Amino acid sequence: MAMHEKYEPQVLEKKWQQTWEARGTFRLGRAGPRGKKYVLEMLPYPSGKMHMGHVRNYLLGDVYARYFRMKGFDVVHPMGWDAFGLPAENAAIKDGVHPATRTAENIASFKAEIKTLGYSYDWDLEVNTSDPSYYRWNQWFFLKMLEKGLVYRRFSRVNWCTGCLTVIANEQVKDGVCERCESKVMDKEMPEWAFRITNYSQVLLDALDGLTEWPDRITAAQRNWIGRSDGVEADFALEGSKEKVRIFTTRVDTIYGCTYVVLAPDHRAVASITSAAQKAAVDAFVAKMAARSKTERTEEGAEKEGVFTGAYALNPFNGERVPVWVANFVLSDYGTGAVMSVPAHDARDYDFAKKYGLPIKTVIHPSAKGPFEGEGAYTEDGVLVASGPWSGQPSAQARKDMGAWLLKEGLGKPTVTWRQKDWGFSRQRYWGTPIPIVYCERCDPERKGLPVPYEQLPVVLPDIETDKVLTGKGEPPLAKVASWVNTTCPKCSGPARREAETMDTFVDSCWYFARYLSPKFEGAPFDPELARKYLPVDIYVGGPEHATMHLLYFRFWTRVMKELGLCPVDEPVTRLITQGIVNGPDGRKMSKRWGNVVAPSSIVQKYGADTARGYVLFAGPPERDFDWNDKAMEGVSRFLQRVWTLAATHEAACVGATHDGAYEGKALEIRRHAHKALKRVTEAIERLSFNTAIAGIMEYVNALYLVKEVSTSAEKAAMGEAIRTLAVVLVPFTPHFANELAEVYGAKQPLEESEWPAFDPALVVDDVIPYAVQVLGKLRAEILVPAAATEAEVRAAAEAEPKIIAALGGKPVKKFVFVPKRLVNFVV
RNA sequence: GGGCAGGUGGCGUAACUGGUAGCCGCGCCAGACUUAGGAUCUGGUUCCCCAAAGGAGUGGGGGUUCGAGUCCCCCCCUGCCCACCA
């Protein structure tokens with residue numbers, strides 16, 4: 001078959017996509033002499049169109065999936081849809097289209113577009129989280145976790161929009177008002193369902209050490225988020241009262257410097273301890289703080305404010321009497337909601353003390369030599385002073401001893417506090433997994449909720465009249481669907497009501513990677529046997545913005561799945577790759593607002609998927625951001641055209657050419673280029689350096705271009721081999737193009753069904769090697785030396801070089817440094 | 001305030017365990033082929049110097065080494081994420 005003059009991606013890409021599909025090239029279980037590889041990319045929320053971030057994300061996985069398949073691994077490479085969630089519901093509120101309809105349309109168009117890029121997915125594994133066959137298992141997990149005590153109902157403070165009459169996420173609060181309706185947002189105590197993820201805080205923290213193939217930024221973010229801090233709790237008795245205030249501190253060594261105690265505005269004790277004289281001021285302050293949302297109250301730069309309660313507390317160590325204040329900077333949901341303030345040794349306490357004229361008492365010196373002489377608070381460790389019997393001790397020692405003393409005296413104890421909170425997962429939304437709970441007034445007067453029996457799962461979302469139910473106002477949408485919400489009690493069969501809230505969509509993404517292995521499995525969330533065979537995920541690619549949400553939740557969930565006997569591993573993912581952002585050509589984040597969006601579809605249409613793929617991979621290292629550059633992208637298009645021309649030029653002479661004898665001269669050079677390219681690309685892929693892999697291929701093509709003519713049978717055979725090798729190294733990056741090339745040069749099946757060849761070690765070394773010759777570390781000459789030359793021979797050659805003779809100037813050589821195959825250095 | 005990336009030509013980047021700094025691409029310059037070229041091919045392109053010879057050079061300053069973009073110490077800058085967390 002003769003090649004067309006011009007490379008026409010539109011025709012050829014469709015052809016190969018159809019070929020792969022028809023042959024089932026990417027089906028699971030096809031190959032596998034070397035074992036399995038599970039390559040996964042974070043599943044997308046199906047918006048109507050792909051953006052460049054998606055393209056890049058899936059490409060990084062696709063390169064590995066194709067490479068590993070050719071290396072002989074049984075590769076799992078699935079794709080699915082994170083189909084529940086707010087955008088579809090908000091769109092429904094706006095235009096009345098049912099979320100299910102909108103979602104189905106979006107999936108269809110997203111899927112059609114994703115297919116134009118030629119990713120190597122096994123579409124038989126596709127999963128849709130909004131399908132009852134999927135979310136029934138969310139409900140199943142919920143019930144299992146309820147049994148294990150890992151799900152509970154609690155009262156919690158949430159952002160309550162006074163206009164929409166619903167809970168909204170922190171991200172939706174802008175400057176204290178709702179971003180949608182611009183009404184005031186308040187804190188509200190509401191019942192909600194929560195997972196007891198904090199039971200696993202220590203385990204999740206410890207296991208981070210084992211995640212050696214995760215980026216540091218992600219494990220660091222999780223460590224930070226879990227936020228273990230070791231300290232003590234200590235009781236301050238209240239003067240003239242039987243009550244006491246328990247504080248938490250990590251710096252008990254500074255306690256002799258405590259000059260006041262501060263409670264959070266919503267601390268339980270505030271009302272009871274406030275003196276009559278201070279009541280009006282305290283009430284006003286507490287009310288003012290309650291009217292602000294949590295985000296507003298803790299916003300950066302928020303002024304520290306507080307009022308005196310009129311009460312006094314007694315320091316457990318020395319009995320010193322200190323005033324008790326209420327202030328906005330203390331959080332009720334961290335530690336004990338009360339702190340001891342040591343302005344001399346804490347920056348925040350210092351600011352507050354300065355503002356309200358509270359005393360500052362130094363109890364730590366940087367060393368035994370004397371006091372801190374800088375401005376503000378001294379917050380480092382040091383040596384205790386003015387601290388009774390503890391004076392003279394170093395901070396670390398004092399913390400240990402003082403904690404033990406508190407425990408012995410019954411005044412407190414060493415303790416650990418965590419920043420991480422339990423995961424509240426109920427949402428007042430329609431488009432999510434119904435929580436399988438019913439409320440029966442007779443069997444459950446306290447409204448704790450009765451679990452729906454397993455055999456009644458799934459609790460399916462009711463169909464609704466969209467414009468009546470999804471109004472964005474009033475009670476949760478499902479509560480308005482009388483035919484659904486009214487049900488019978490599983491215990492007494494009397495009238496009961498269903499829980500009208502749905503689950504956070506992060507639940508869906510906690511276990512989808514396991515579901516992919518057996519998406520139609522009926523008896524359990526997934527087939528445990530396949531899980532044993534294919535888990536954990538070997539490579540997981542996604543954005544770093546999920547560091548402390550999804551990537552933490554699914555680690556938690558995996559632990560639970562293991563305890564349930566479903567899953568063989570403790571951790572879901574061995575190697576995590578977090579890809580950088582593709583910015584617009586102007587260097588700003590792509591956004592309609594800036595008009596700098598480059599749509600993948602337009603690039604695919606104009607230049608073809610292979611150009612888009614090649615460019616996105618060539619633009620820079622996977623983990624780094626880059627700015628889109630049309631010119632550079634066109635460079636990749638030009639490169640592919642150039643390869644095409646090269647292959648067409650040699651087609652007549654080299655396709656099918658063979659040669660039996662030895663290769664030498666030009667023919668040998670061609671073979672050397674091929675094997676060096678193979679080596680370079682293979683090694684670059686292995687170390688996630690796709691941009692340099694492509695640079696290597698370009699260099700290879702440049703070298704083949706310089707060959708110009710092939711005439712002998714050896715040259716023809718070598719060039720034929722070289723172009724087939726070129727096709728192979730291109731497959732992971734520009735698969736349609738590569739397959740077309742291979743087919744013209746005689747391949748009978750898609751390259752992905754063939755083997756990734758090994759390079760010949762004998763062909764990647766040259767027989768003449770350039771040595772750099774340095775004198776005193778400065779480059780003075782370059783000499784060509786046979787590869788087999790000994791140190792003495794190289795030295796002799798170097799010393800014979802005129803420039804070196806001049807540079808040495810007859811001075812005696814004190815030392816001769818010899819680096820084989822690289823350089824020599826004369827030290828004089 | 002904390003954490004994590006980064007800082008190398010005009011630009012995106014490259015340099016495996018310390019060993020010739022700048023691969024590859026973009027841009028630019030020159031030449032070839034051309035009626036033409038915003039096509040294609042070839043060559044050049046860190047800076048200083050007309051050129052050569054030579055010198056300087058990987059954010060700044062020190063250090064270790066025969067030799068440092070790479071290792072150690074101090075400092076500066078940029079980006080991202082988290083943050084009144086006691």
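Values reported hereafter were calculated over all heavy atoms of this structure, with side chains retained and with hydrogens, waters and symmetry mates removed. On a predicted model such as this, the values are computed, not experimentally measured, just so you know. Throughout, protein chains are lettered first and strands after them, A, B, ... in sequence-line order, and every chain is numbered starting at 1.
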Could you tell me whether the phosphate oxygens of [N], OP1 or OP2, come under 4.0 Å of any side-chain nitrogen or oxygen in [X]?
X	N	result
A:Arg223	B:G2	no
A:Arg638	B:G27	yes
A:Asn702	B:G25	yes
A:Tyr334	B:A86	yes
A:Arg588	B:G79	no
A:Arg687	B:A15	yes
A:Arg419	B:G3	no

Grab the [atom1]-[atom2] distance between [X] and [N] for me, whole Å please.
X	N	atom1	atom2	answer
A:Asn224	B:C85	CG	P	12 Å
A:Leu331	B:A86	CG	P	10 Å
A:Lys631	B:G10	NZ	C1'	15 Å
A:Phe733	B:C24	CZ	C1'	13 Å
A:Arg822	B:U17	CZ	P	11 Å
A:Asp625	B:G7	CG	C1'	15 Å
A:Asp253	B:A86	CG	P	14 Å
A:Lys354	B:C84	NZ	P	25 Å

From [options], nucleotide with atom closest to [X] side chain:
X	options	answer
A:Pro621	B:A56, B:A14, B:C82	B:A14
A:Leu706	B:A86, B:C84, B:G43	B:G43
A:Arg348	B:A14, B:C85, B:C26	B:C85
A:Pro770	B:G43, B:U20, B:C85	B:U20
A:Asn629	B:A86, B:C26, B:C24	B:C26

Practice prompt. List for me each residue that meets ring pair (Phe, Tyr, Trp, His ring centres under 6.0 Å) alongside A:Tyr67, sequence neighbours excluded, and say none if there are none.
Written response: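 For A:Tyr67 the ring pair (Phe, Tyr, Trp, His ring centres under 6.0 Å) partners, ignoring immediate neighbours, are A:Trp756.
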
Discussion item. Tell me every residue that passes ring pair (Phe, Tyr, Trp, His ring centres under 6.0 Å) with A:Phe329, counting only those two or more places apart in sequence or in another chain.
Written reply: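 By the ring pair (Phe, Tyr, Trp, His ring centres under 6.0 Å) rule, A:Phe329 matches A:Phe352.
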
Practice prompt. Indicate syn or anti for B:G54, taking the glycosidic torsion and treating anything within 90° of 0 as syn.
Written response: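 B:G54: anti.
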
Item to complete: Hey, can you tell me if A:Phe626 and A:Tyr615 have their rings parallel, tilted or perpendicular (30° and 60° cut-offs)?
Response: perpendicular

Qualifying residues under salt bridge (charged side-chain N to carboxylate O under 4.0 Å, His left out), relative to [X], sequence neighbours excluded:
X	value
A:Glu320	A:Lys361
A:Lys413	none
A:Asp766	A:Lys676
A:Asp625	none

Fill in: A:Glu801/A:Arg780 ion pair, N-O < 4.0 Å
no

Under 4.0 angstrom, heavy atoms only, what part of the nucleic acid is [X] near: base, sugar-phosphate, or nothing?
X	value
A:Gly635	sugar-phosphate
A:Ala221	nothing
A:Lys814	nothing
A:Asn691	sugar-phosphate
A:Phe618	base
A:Glu782	base
A:Phe248	base
A:Arg780	sugar-phosphate

What's the gap between [N] and [M] when it is taken at their [atom1] atoms, as a whole Å value?
N	M	atom1	value
B:G57	B:G69	C1'	11 Å
B:G9	B:A14	C1'	13 Å
B:A51	B:U78	C1'	40 Å
B:A68	B:G55	P	16 Å
B:A56	B:G7	P	25 Å
B:C76	B:C11	P	25 Å

Worksheet item: Can you name the side-chain contact (heavy atoms from CB on, under 4.5 Å) partners of A:Ala703, sequence neighbours left out?
Response: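 In terms of side-chain contact (heavy atoms from CB on, under 4.5 Å), with neighbours along the sequence ignored, A:Ala703 is linked to A:His673.
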
Worksheet item: Mind checking what makes side-chain contact (heavy atoms from CB on, under 4.5 Å) contact with A:Arg588, not counting sequence neighbours?
Response: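 Scan of A:Arg588 (side-chain contact (heavy atoms from CB on, under 4.5 Å), adjacent residues dropped) gives A:Asp586, A:Trp594, A:Asn596.
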
Worksheet item: Has the side chain of A:His345 got a donor or acceptor atom that lies under 3.5 Å from a matching backbone atom of A:Glu380?
Response: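 Answer holds: no.
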
Worksheet item: So what stems show up for RNA chain B if we need 3 or more Watson-Crick or G-U pairs in a row, all under 3.5 Å?
Response: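 Output for stems: B:1-7 with B:76-82, B:10-12 with B:24-26, B:27-32 with B:40-45, B:46-48 with B:54-56, B:59-63 with B:71-75.
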
Worksheet item: NZ of A:Lys666: more than 12 outside heavy atoms within 6.0 angstrom?
Response: yes

Practice prompt. Quick one: list whatever passes side chain to side chain donor-acceptor pair (under 3.5 Å) with A:Asp209, sequence neighbours left out.
Written response: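 Scan of A:Asp209 (side chain to side chain donor-acceptor pair (under 3.5 Å), adjacent residues dropped) gives A:Arg223.
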
Worksheet item: How do A:Val819 and A:Gly696 order along RNA chain B: which one's closest nucleotide is nearer the 5' end?
Response: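 Checking each residue's closest nucleotide, the 5'-ward one belongs to A:Val819.
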
Discussion item. With nearest nucleotide decided by heavy atoms, which residue, A:Lys803 or A:Thr249, maps closer to the 5′ end of RNA chain B?
Written reply: A:Lys803

Every protein N/O lying under 3.5 Å from an N/O of nucleotides 4-6 of chain B:
unit_1	atom_1	unit_2	atom_2	d
B:A5	OP1	A:Asp216	OD2	3.4

Which atom pairs link the protein and nucleotides 62-68 of chain B when you take only N or O atoms and keep those under 3.5 Å?
unit_1	atom_1	unit_2	atom_2	d
B:C66	O2'	A:Asn825	ND2	3.3
B:C66	O2	A:Asn825	ND2	2.6

Worksheet item: Can you find a heavy atom in the side chain of A:Phe737 that is under 4.5 Å from one in the side chain of A:Thr611?
Response: no

Discussion item. Out of the candidates A:Arg419, A:Gln420, A:Lys421, only one should pair with A:Ser201 under the side chain to side chain donor-acceptor pair (under 3.5 Å) rule; please name it.
Written reply: A:Gln420

